[in-house]
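Structure record follows, encoded as structure tokens.
Small disclaimer: the values here were computed from a predicted structure and weren't measured. One is the number of the first residue; the rest follow in order along the sequence. Each ligand, and each atom within it, is numbered from 1 in the order the structure gives.
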Amino acid sequence: MFNIAIDGPAGAGKSTIAKEIAKKINFVYVDTGAMFRSMALYLLNNNIDPENEELVSSSCPDMDITITYVDGEQQVILNGENVSGKIRTEEVGKTASTIAKYSAVRTKLLELQRALASKEQVIMDGRDIGTAVLPNAELKVYLTASSDERARRRVKQLEENGMAADFEEIKADIIKRDEQDMNREIAPLKQADDAILVDSSDMSVEEVIDHIVSLYQERA
Ligand code: DC
């Protein structure tokens with residue numbers, strides 16, 4: 001079993017790149033951010049204050065989260081509803097980052113993430129995949145880019161999905177989210193000791209994909 005871990009800050013292009021690599025080398029792509037986002041959506045929909053750890057923790061058993069694939073695309077099912085189309089907003093992303101600090105939230109998702117990786121060869125992206133979820137992954141990549149470049153990409157992505165986006169606002173959000181993800185106590189975002197750093201600020205999507213695929217081929 002060969003598993004690939006891709007970690008990095010918000011907007012580094014992890015999902016775009018991991019999705020394409022999965023197709024190329026016939027791996028299953030697992031987007032762990034989508035799982036945190038689906039929990040965030042549940043809390044927002046039920047008016048549960050994400051800052052209230054006790055309340056969020058006691059709500060965890062009420063969220064049944066499963067992953068399925070339709071035409072190779074990951075779908076997140078929350079209490080029987082496919083919420084994949086509803087979790088891509090900035091509000092959900094920010095809330096996901098807030099609740100990702102809590103141990104009850106991380107423990108719940110860790111089991112699901114490990115179970116997926118034990119069944120198939122996965123390329124899994126997130127914040128703590130190489131450091132906590134799959135510490136024995138055969139290939140670990142820490143994918144990053146400058147905050148300006150990441151904000152530019154996020155604006156483009158939001159606009160492509162028909163949502164309005166303000167560059168300065170998005171950039172400030174990205175910086176805040178990184179700070180929150182890097183400084184939490186449990187499983188913070190950081191480069192694993194054995195991860196390969198890829199800075200994509202001046203690389204095209206194709207260049208990043210080719211680079212990571214060649215790292216995989218060297219090891220496989
Ligand atoms: O990658 P994303 O933007 O979809 O992730 C949303 C938030 O979820 C991110 O800011 C922090 C949290 N997250 C996490 O803590 N650990 C992961 N493995 C993936 C996401």
Among all protein heavy atoms, pick the one closest to [atom] and tell me residue, atom and distance.
atom: atom 12 (C) of ligand 1; answer: A100 CB, 3.7 Å
atom: atom 19 (C) of ligand 1; answer: T32 OG1, 3.3 Å
atom: atom 8 (O) of ligand 1; answer: F36 CB, 3.5 Å
atom: atom 4 (O) of ligand 1; answer: R37 NE, 2.6 Å
atom: atom 16 (N) of ligand 1; answer: R106 NH2, 3.0 Å
atom: atom 1 (O) of ligand 1; answer: R127 NH1, 2.9 Å
atom: atom 6 (C) of ligand 1; answer: R177 NH1, 3.5 Å

Sidechain-backbone polar pair: [X] side chain, [Y] backbone, donor-acceptor under 3.5 Å:
X: R127; Y: P188; value: no
X: Y102; Y: P50; value: yes
X: D7; Y: I129; value: yes
X: K14; Y: I6; value: no

Go through the side-chain N and O atoms of [X] and [Y] and say whether any donor and acceptor fall under 3.5 Å apart.
X: Q157; Y: R154; value: yes
X: D181; Y: S97; value: yes
X: S84; Y: N82; value: yes

Residues, nucleotides or ligands: over 12 heavy atoms within 6.0 Å of D49 CG:
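More than 12 within 6.0 Å, yes.
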Answer yes or no: does atom NZ of K190 have more than 12 heavy-atom neighbours from other residues, nucleotides or ligands under 6.0 Å?
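Incorrect, the count does not exceed 12.
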Does ligand 1 come near enough to [X] that some N or O of the ligand is less than 3.5 Å from an N or O of the residue?
X: K14; answer: no
X: D125; answer: no
X: R184; answer: yes

In ligand 1, which numbered atoms sit nearer than 4.0 Å to a non-hydrogen atom of [X]?
X: A96; result: 6 (C), 7 (C), 8 (O)
X: D128; result: 16 (N), 17 (C), 18 (N)
X: G126; result: 17 (C), 18 (N), 19 (C)
X: D181; result: 9 (C), 10 (O), 11 (C)

Check each heavy atom of [X] against ligand 1 and say whether those closer than 4.0 Å belong to the side chain, the backbone, both or neither.
X: M35; result: neither
X: R154; result: side chain
X: Q180; result: neither

With a 4.5 Å cut-off on side-chain heavy atoms, are Y42 and D62 touching?
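In short, these two side chains touch, coming nearer than 4.5 Å.
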Identified side-chain hydrogen bond (donor to acceptor under 3.5 Å, both in side chains) partner of S200 from the options R153, R150, E149
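The residue from R153, R150, E149 that satisfies side-chain hydrogen bond (donor to acceptor under 3.5 Å, both in side chains) with S200 turns out to be R153.
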